[in-house]
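All figures in this text were calculated on a predicted structure; none of them were measured in a lab.
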Amino acid sequence: MSAEANKAIVRRFHELFDKGDLSGMQALMSDDFVTYQPGMPEPLNGEAFKQLGQVFLAAFSQSKVTIEGEICEGNRVASYGTWTAVHSGEFNGIPATGKTIRISELVIDTIVDGKIVEHRAQPDLMSLLQQLGAIPSPA
């Protein structure tokens, strides 16, 4: 596939998350999809990734991923940008704050035959927890 086609798959993946369409996201994943997420002791398969998505969508409304840049080399797409959302439900024991959060994120997706086979995400979870008041922000 072309670099532009691979980038379009990645952009669509993020758009579907914003819409809460986890089944649509799964349609873009290969049967042997695997994702690496910070804080997870091992890679997650597609079903576990869907469950993780449900946790975030239950805790954060008005999700918006803004891709600020993409680089494609071969079948890998590196994208970086920001995620904004409203903390409207409990997250990891933290009651809803109503705060709008904004964190940066770097993702590398590997695409084979039009499907995402590997998703490596590095969202700034430290900033997320600081914005929610769970840990102190730097002085």
Side-chain angles (χ1 to χ4, degrees):
M1 296 188 73
S2 72
E4 288 309 310
N6 286 341
K7 289 181 197 179
I9 290 167
V10 170
R11 285 191 301 271
R12 182 71 181 143
F13 193 72
H14 290 286
E15 290 167 3
L16 290 167
F17 178 78
D18 286 342
K19 293 178 181 180
D21 187 353
L22 300 176
S23 295
M25 290 175 69
Q26 282 191 302
L28 295 176
M29 297 181 225
S30 70
D31 291 340
D32 58 347
F33 171 90
V34 64
T35 182
Y36 298 85
Q37 298 285 323
M40 296 294 161
E42 57 189 45
L44 304 177
N45 64 18
E47 186 56 38
F49 183 63
K50 182 178 179 181
Q51 292 172 11
L52 180 63
Q54 290 168 334
V55 168
F56 274 87
L57 291 171
F60 298 95
S61 59
Q62 301 177 40
S63 174
K64 176 66 177 149
V65 174
T66 302
I67 296 176
E68 297 165 5
E70 299 168 298
I71 301 167
C72 185
E73 184 172 321
N75 66 341
R76 287 197 172 98
V77 178
S79 56
Y80 61 91
T82 56
W83 176 55
T84 57
V86 175
H87 182 214
S88 54
E90 181 185 336
F91 176 70
N92 204 26
I94 304 167
T97 63
K99 293 180 181 178
T100 298
I101 57 95
R102 182 174 193 255
I103 64 169
S104 60
E105 176 178 60
L106 173 64
V107 179
I108 301 172
D109 290 295
T110 304
I111 300 168
V112 175
D113 297 328
K115 301 278 187 170
I116 300 172
V117 297
E118 184 179 272
H119 179 81
R120 292 182 177 262
Q122 287 297 317
D124 186 356
L125 297 180
M126 176 74 82
S127 175
L128 173 62
L129 294 174
Q130 289 170 334
Q131 290 175 59
L132 297 179
I135 57 176
S137 295

* To do: State, without any angle test, whether Thr110 and Arg76 hold a side-chain donor-acceptor pair at a distance under 3.5 Å.
  =>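 There is such a pair between these side chains.
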
* Can Ser63 and Asp18 be counted as having a side-chain donor-acceptor contact under 3.5 angstrom? ->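 Indeed, the side chains of Ser63 and Asp18 share at least one donor-acceptor pair under 3.5 Å.
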
Which atoms form the tightest heavy-atom contact between [X] and [Y], and what is the distance?
| X | Y | answer |
| --- | --- | --- |
| Ser137 | Gln130 | OG-CB, 3.5 Å |
| Ala121 | Gln37 | CB-NE2, 3.6 Å |
| Cys72 | Gly74 | SG-O, 3.6 Å |
| Ser79 | Glu70 | CB-CG, 4.1 Å |
| Ser23 | Lys50 | OG-NZ, 3.7 Å |
| Lys99 | Gly133 | NZ-N, 4.4 Å |

Which distance, rounded to the nearest 0.5 Å, do you find between the [atom1] of [X] and the [atom2] of [Y]?
| X | Y | atom1 | atom2 | result |
| --- | --- | --- | --- | --- |
| Asn92 | Leu125 | CG | CG | 10.0 Å |
| Asp109 | Asn6 | CG | CG | 9.5 Å |
| Thr100 | Lys64 | OG1 | NZ | 15.0 Å |
| Glu42 | Leu44 | CD | CG | 7.5 Å |
| Ile116 | Phe13 | CD1 | CZ | 4.5 Å |
| Ile67 | Tyr80 | CD1 | OH | 11.0 Å |

* Scan Tyr36, Phe17, Phe33 and name whichever one has a ring pair (Phe, Tyr, Trp, His ring centres under 6.0 Å) with Phe49. =>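 Going through the options one by one, the only one that passes is Phe33.
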
* Asked: Which residue pairs pass the salt bridge (Lys or Arg N to Asp or Glu O under 4.0 Å) test when at least one of the two sits in residues 116-135, sequence neighbours left out?
  ->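 Every pair satisfying salt bridge (Lys or Arg N to Asp or Glu O under 4.0 Å) with a residue in residues 116-135: Glu118-Arg120.
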
Any non-hydrogen side-chain atom of [X] less than 4.5 Å from a side-chain atom of [Y]?
| X | Y | result |
| --- | --- | --- |
| Ile111 | Val77 | yes |
| His87 | Gln131 | no |
| Glu105 | His14 | yes |

* Cluster companions of Val86 among Ile, Leu, Val, Met, Phe, Trp, Tyr (side-chain spacing under 4.5 Å) ->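 Members other than Val86 - counting any ILVMFWY side chain reachable under 4.5 Å - there are none.
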
Membership question, hydrophobic clusters at under 4.5 Å side-chain separation (ILVMFWY): are [Y] and [X] in the same one?
| X | Y | result |
| --- | --- | --- |
| Leu52 | Ile108 | no |
| Met29 | Val65 | yes |
| Leu28 | Leu22 | yes |
| Ile135 | Leu128 | yes |
| Val10 | Leu16 | yes |

* Salt-bridge criterion met for Glu4 and Lys7 (N-O under 4.0 Å) ->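 Judged by the 4.0 Å cut-off on N to carboxylate O distance, Glu4 and Lys7 do form a salt bridge.
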
* **Arg12/Glu15 ion pair, N-O < 4.0 Å** =>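 So Arg12 pairs with Glu15 through a salt bridge.
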
For [X], I'd like to know if atom [atom1] has over 12 heavy atoms of other residues, nucleotides or ligands within 6.0 Å.
| X | atom1 | answer |
| --- | --- | --- |
| Arg11 | CZ | yes |
| Met1 | CE | yes |
| Glu73 | CD | no |

* Exam field: side chain Thr35 to backbone His119, donor-acceptor pair closer than 3.5 Å ->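 Checked: pair present.
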
* **Stepwise side chain to side chain contact (heavy atoms under 4.5 Å, CB included) check, Leu132 with Ile101** => CA-CA 8 Å; Leu132 297 179; Ile101 57 95; 3.7 Å; yes

